[in-house]
Number of protein chains: 2
Amino acid sequence: MIGSTTPAATGRSASRGRIDKRRAILEAAFTVFAVRGYAQACVQEIAEVAGVAKHTVYNHLNDKENLFRHAMAAAAESALAENLAVVESLVVRGGDVRATLEDVGHRLLRRHCDERSWALRRLLYAEFARFPDLLDVVQGGEVNRVNDALADRLARLSLAGGLRACDPVEAAEQFLALLTGPMETRSRLGARPVPEAELRAVARAAVDTFLCAFAAGPARGA
Amino acid sequence: MIGSTTPAATGRSASRGRIDKRRAILEAAFTVFAVRGYAQACVQEIAEVAGVAKHTVYNHLNDKENLFRHAMAAAAESALAENLAVVESLVVRGGDVRATLEDVGHRLLRRHCDERSWALRRLLYAEFARFPDLLDVVQGGEVNRVNDALADRLARLSLAGGLRACDPVEAAEQFLALLTGPMETRSRLGARPVPEAELRAVARAAVDTFLCAFAAGPARGA
DNA sequence: AGAAGATTGCACTCGTGAGTGCAGTCGGGC
DNA sequence: GCCCGACTGCACTCACGAGTGCAATCTTCT
């Protein structure tokens, strides 16, 4: 969606119409903001991409600022939901902790590396100085809550004997760090699409190291 | 320097003068860009902060774009030098690998969390879409070279028996990830000044986990 | 059909900031 | 003392984009 240059992904066919223009506007806004940045993005273009008149944009969201905030919030919310869904799926099956962690890690990495996620992070970094509250809207929900959810799961895993006793929050923090840290360089801020195999390799390496530190008994790397 | 609001850190006393105005301009430019972002920063203000006439800015650097690029390059270069200096100091002393790693990790974290570094990263993220070559100027030198230098040191450490045999590049990657990853949330994109004790704790935790995975013999956490 | 509200296209105001031109000033070298 | 080049202050042009007003049109509800 982000990379799309086609003018109206949502509402061109029903050009003059009814549907949820608002959603189309927010989506288009995020797309354009992602490409141009806040200041360079002009409302006119957002309206065009949304397949809507500029006036309509101002009808739904009064300001460019408001538009930006809501677009970011919407994007963050959907990204958060995706990540949480992945984390929630981390359940203690038979006893194959390694495979489970690798799978979850890999899926988290895929989310982390897609275009929308990178755009969200770039915009957050970019406009954070001018929109300090953005951090609460985006980061507060995005990173912290994923970390907390992961900590919950790791705690369960620990109690079930899959991991050694540890501070689950710290463990989650390090697991996520081992996953996402290496991507900063590998995907060039999202400019380079990282092949699946590489994602898998990074996830495997992260789990290797993670399990060396946190596995329950006589654990050992691959 | 970044947080300073005083108009001329370098060249106000010798207002009409000779010295290296250019350096003052680049520094002022980075300061202003860091606070306002590229688009919102106006050349007039940069000139004022540098203690220089707007015209002089255009004399030294033709464009706002050029100004931005050079300011970023200068800031990145100095940041890189600082980080490399820290990594270079990682030498195999007696045999206290853990203490050495913790010290280096802690100093890297301090660099990573200071205002200039965060500003540099924020600007890179922010304007990367409009200045794709920025990544070569900044990131190419910044992250990769620090990683490479660290990999060199870890390889030496490994040969000397301080670490188990491993891919030093991957080890360096994970060590840096364990260090910087947790800071993303803890310092709120650089808005929250992280206390020394916390930096030290993160460094210790990173080294703990790192050594669990990469220590030579019968290594074990703290 | 008719009314109400949303939507549209267009033209407009207004502020802002990049970049330039010019005339005057300063400082150092000859 | 004088010249040259860098620097300065000021006023100016110009492009761009946010936000508004208005009249016409469409959609939907009754």
Side-chain angles (χ1 to χ4, degrees), chain A residues 7-8 10-72 126-127 129-131, chain B residues 7-8 10-72 126-127 129-131:
Chain A
T10 317
R12 166 57 56 91
S13 59
S15 171
R16 296 276 189 98
R18 55 244 104 85
I19 1 168
D20 34 358
K21 311 241 176 195
R22 188 191 167 94
R23 191 165 301 276
I25 292 173
L26 289 181
E27 240 171 76
F30 183 73
T31 304
V32 175
F33 282 135
V35 175
R36 303 240 187 276
Y38 175 77
Q40 270 68 21
C42 72
V43 179
Q44 178 61 44
E45 183 181 4
I46 293 174
E48 281 167 14
V49 172
V52 143
K54 187 171 70 162
H55 239 352
T56 308
V57 176
Y58 283 103
N59 283 346
H60 284 260
L61 303 126
N62 310 321
D63 264 347
K64 193 184 180 186
E65 281 201 11
N66 230 321
L67 174 59
F68 182 64
R69 264 183 248 271
H70 281 83
M72 289 291 281
E127 309 303 335
R130 227 176 354 260
F131 299 88
Chain B
T10 319
R12 164 60 56 91
S13 58
S15 172
R16 296 276 186 100
R18 53 243 108 81
I19 0 167
D20 33 0
K21 311 241 177 196
R22 187 191 168 94
R23 191 164 302 275
I25 291 173
L26 289 181
E27 241 171 76
F30 183 72
T31 303
V32 175
F33 281 135
V35 175
R36 304 242 187 275
Y38 175 76
Q40 270 67 23
C42 73
V43 178
Q44 178 62 43
E45 183 181 3
I46 292 174
E48 281 166 15
V49 172
V52 142
K54 187 170 70 160
H55 239 354
T56 308
V57 175
Y58 283 103
N59 283 347
H60 285 261
L61 303 124
N62 311 320
D63 264 345
K64 192 184 180 186
E65 281 200 12
N66 231 321
L67 174 60
F68 182 65
R69 264 184 249 269
H70 280 84
M72 288 291 281
E127 309 303 334
R130 229 175 352 261
F131 299 88

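Below, read A as the first sequence line, B as the second, and so on, with proteins coming before strands; counting in each chain starts at 1. Because the structure is predicted, anything quoted here is derived from the model rather than measured.
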Output every pair passing salt bridge (charged side-chain N to carboxylate O under 4.0 Å, His left out) with a member in residues 54-65 of chain B, not counting sequence neighbours, ordered by first then second residue.
B:E65-B:R69

Closest approach of A:A41 to A:V32 (non-hydrogen atoms, all atoms of both residues)
CB-CG1, 3.8 Å

For DNA chain C, find the residues of residues 53-64 of chain B with a heavy-atom distance under 4.0 Å and give them by number; none if there aren't any.
B:K54, B:H55, B:Y58, B:D63, B:K64

Nearest whole Å is fine: how far is C:dG17 C1' from B:R36 CZ?
13 Å

Applying a 4.0 Å non-hydrogen cut-off, can you work out what B:A41 is touching in the nucleic acid: base, sugar-phosphate, or nothing?
sugar-phosphate

Distance, rounded to the nearest Å, where A:F33 contributes CZ and D:dA18 contributes C1':
12 Å

Considering all heavy atoms, the nearest B:A29-B:L67 contact:
CB-CD1, 3.7 Å

Separation of A:F68 atom CZ from D:dG17 atom P, in whole Å?
17 Å

Measure the OH-OG1 distance between A:Y58 and A:T56 for me, rounded to the nearest 0.5 Å.
12.0 Å

Taking CD from A:Q40 and P from D:dA15, how many angstroms apart are they, rounded to a whole number?
18 Å

Quick one, B:F33 and B:I46 - any side-chain contact, counting heavy atoms below 4.5 Å?
yes

Spacing between A:L67 atom CG and D:dG17 atom C1', to the nearest angstrom
14 Å

A:H70 side, atom NE2; A:F30 side, atom CZ - distance, nearest 0.5 Å:
15.5 Å

From CD of A:E65 over to P of D:dA18, roughly how many Å is that when rounded to an integer?
12 Å

Reckon B:K21 has a side-chain N or O less than 4.0 Å from the OP1 or OP2 of C:dG27?
no

Rounding to a whole Å, what distance do you find between A:Q44:CD and C:dC12:C1'?
14 Å

Expressed in angstrom and rounded to an integer, what is the separation of B:N66 atom CG from C:dA18 atom P?
15 Å

